[in-house]
**Q** 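Have a look at this one before I ask anything.
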There are 2 protein chains.
Amino acid sequence: MGLTKSFNFDDKQNQLAAYAKALAHPARIAIIQQIITHKTCIVGSLTDVLPLSQSTISQHLKELKNSGIIKGEIEGPSICYCIHNENWKIAREMLDNLFVQIDQRCGQ
Amino acid sequence: MGLTKSFNFDDKQNQLAAYAKALAHPARIAIIQQIITHKTCIVGSLTDVLPLSQSTISQHLKELKNSGIIKGEIEGPSICYCIHNENWKIAREMLDNLFVQIDQRCGQ
DNA sequence: TTAATTTATCGTAATATTGCAATCTAACAA
DNA sequence: TTGTTAGATTGCAATATTACGATAAATTAA
């Protein structure tokens, strides 16, 4: 199948899984790290830094954008990608919540 | 292709992506939540709680186990799954690290 | 032993993901 | 206008994931 039965799960479970999925590829981690280190978010340099083709990188950027983790704005001839702070905060809270609950109930 | 070029990325990027991938399905989030709420970790009840077949659930458990997030021990006739605390801590630290860096450099 | 219970694995089918080359589009420069 | 540059999109191929039923394996109960 390959088709996730997402309707069987509640919104939070689906949302958290979606954020995790966005992070579930080393190239997307690398992209986020690039955004971090460059502070400002011009990302034309990604094609120089990542060992992937331009079209593949563009696809990964699209997935990060669709998940809500990053956002892109046209900036002259190029595009400026940066972290979507509001959504990122939500993702962090959801993950933190899981970690805290586990610490409380399952921590040794 | 569908084949991640993981050799192109460093160990930490691959490891973090692997942890994220383990969390990248609502059923696996739900399984972890069940482990949390049941405190102790008998998970035979998963087939009653999740809207998925026993074999599918077993597959998701296997993925969580392979990622290192949970571990399973034989306990009489059934199997006791619980959080793998050491690995979970590593996953949390890696994720926290990313979040903190973003807060520091990209936070508004 | 036989039967029941619990979980894993196998086989299969459908959909998703990853990746690249090629092409398209939009904006700027000459 | 024409050319250039930056990215996105399309089309394709290969692999991965998700899901289920059926079956296998291991343990306990009778």
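Order of the sequence lines sets the chain letters (A, B, ...), proteins ahead of strands, with each chain counted from 1. All values below come from the heavy atoms of this structure, side chains included, with hydrogens, waters and symmetry mates left out.
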**Q** Compute whether any side-chain donor of one residue and acceptor of the other, for A:Gln13 and B:Gln33, lie under 3.5 angstrom apart.
**A** yes
**Q** Charged N to carboxylate O under 4.0 angstrom, A:Asp103 versus B:Arg92?
**A** yes
**Q** Between C:dA16, C:dG19, C:dA8, which one does the side chain of B:Ser58 approach most closely?
**A** C:dA8
**Q** Establish, with yes or no, whether the OP1 or OP2 oxygen of C:dT7 is under 4.0 angstrom from a side-chain nitrogen or oxygen of B:Lys62.
**A** no
**Q** Going by the angle between their ring planes, with limits at 30° and 60°, are B:His25 and A:Phe9 parallel, tilted or perpendicular?
**A** perpendicular
**Q** Rounded to the Å, how far apart are A:Asn66 CG and C:dT18 P?
**A** 13 Å
**Q** Quick one: the side chain of B:Gln59 and the base of D:dA19, do they pair up donor-acceptor inside 3.5 Å?
**A** yes
**Q** To the nearest Å, give me how far apart CG (A:Asn14) and P (D:dT18) are.
**A** 13 Å
**Q** Rounded to the Å, how far apart are A:Ile70 CD1 and D:dA8 C1'?
**A** 14 Å
**Q** B:Leu23 has an atom CG; how far is it from atom P of D:dT17, in whole Å?
**A** 15 Å
**Q** What is the distance, rounded to the nearest whole Å, between atom CD1 of A:Ile31 and atom P of D:dG7?
**A** 12 Å
**Q** Starting from the 5' end of DNA chain C, give me the residue, A:Ser55 or A:Arg28, whose nearest nucleotide shows up first.
**A** A:Arg28
**Q** Can you tell me the distance, in whole Å, between the CD1 atom of B:Ile57 and the P atom of D:dC20?
**A** 9 Å
**Q** Counting side-chain heavy atoms from CB outward, which of D:dC20, C:dA16, D:dA16 is closest to B:Ser53?
**A** D:dC20
**Q** Would you kindly give the CG-to-P distance between B:Leu46 and C:dT7, to the nearest whole Å?
**A** 9 Å
**Q** Reckon A:Lys21 has a side-chain N or O less than 4.0 Å from the OP1 or OP2 of D:dT17?
**A** no
**Q** Is it the case that the base of D:dA8 and the side chain of A:Gln54 share a donor-acceptor contact (distance under 3.5 Å, atom types as modelled)?
**A** yes
**Q** Whether the A:Thr56 and A:Ser53 side chains hold a donor-acceptor pair (N or O, under 3.5 Å, no angle test) is what I'd like checked.
**A** yes
**Q** Can you tell me how far P of C:dT17 sits from CG of A:Leu61, to the nearest Å?
**A** 16 Å
**Q** Could you tell me if the side chain of B:Ile70 sits less than 4.5 Å from the side chain of B:Trp88, heavy atoms only?
**A** no
**Q** So if I take every side-chain heavy atom of B:His25 and compare against D:dA19, D:dA22, D:dA8, which nucleotide ends up nearest?
**A** D:dA19
**Q** Closest to the A:Lys65 side chain: D:dA8, D:dC20, C:dA16?
**A** D:dA8
**Q** Measure from the side-chain heavy atoms of A:His60 and tell me the nearest of C:dT18, D:dA19, C:dG19.
**A** C:dG19
**Q** Looking only at the side chain of A:Leu3 (C-beta and beyond, no hydrogens), which of the listed nucleotides C:dT9, D:dG7, C:dT15 gets closest?
**A** C:dT15
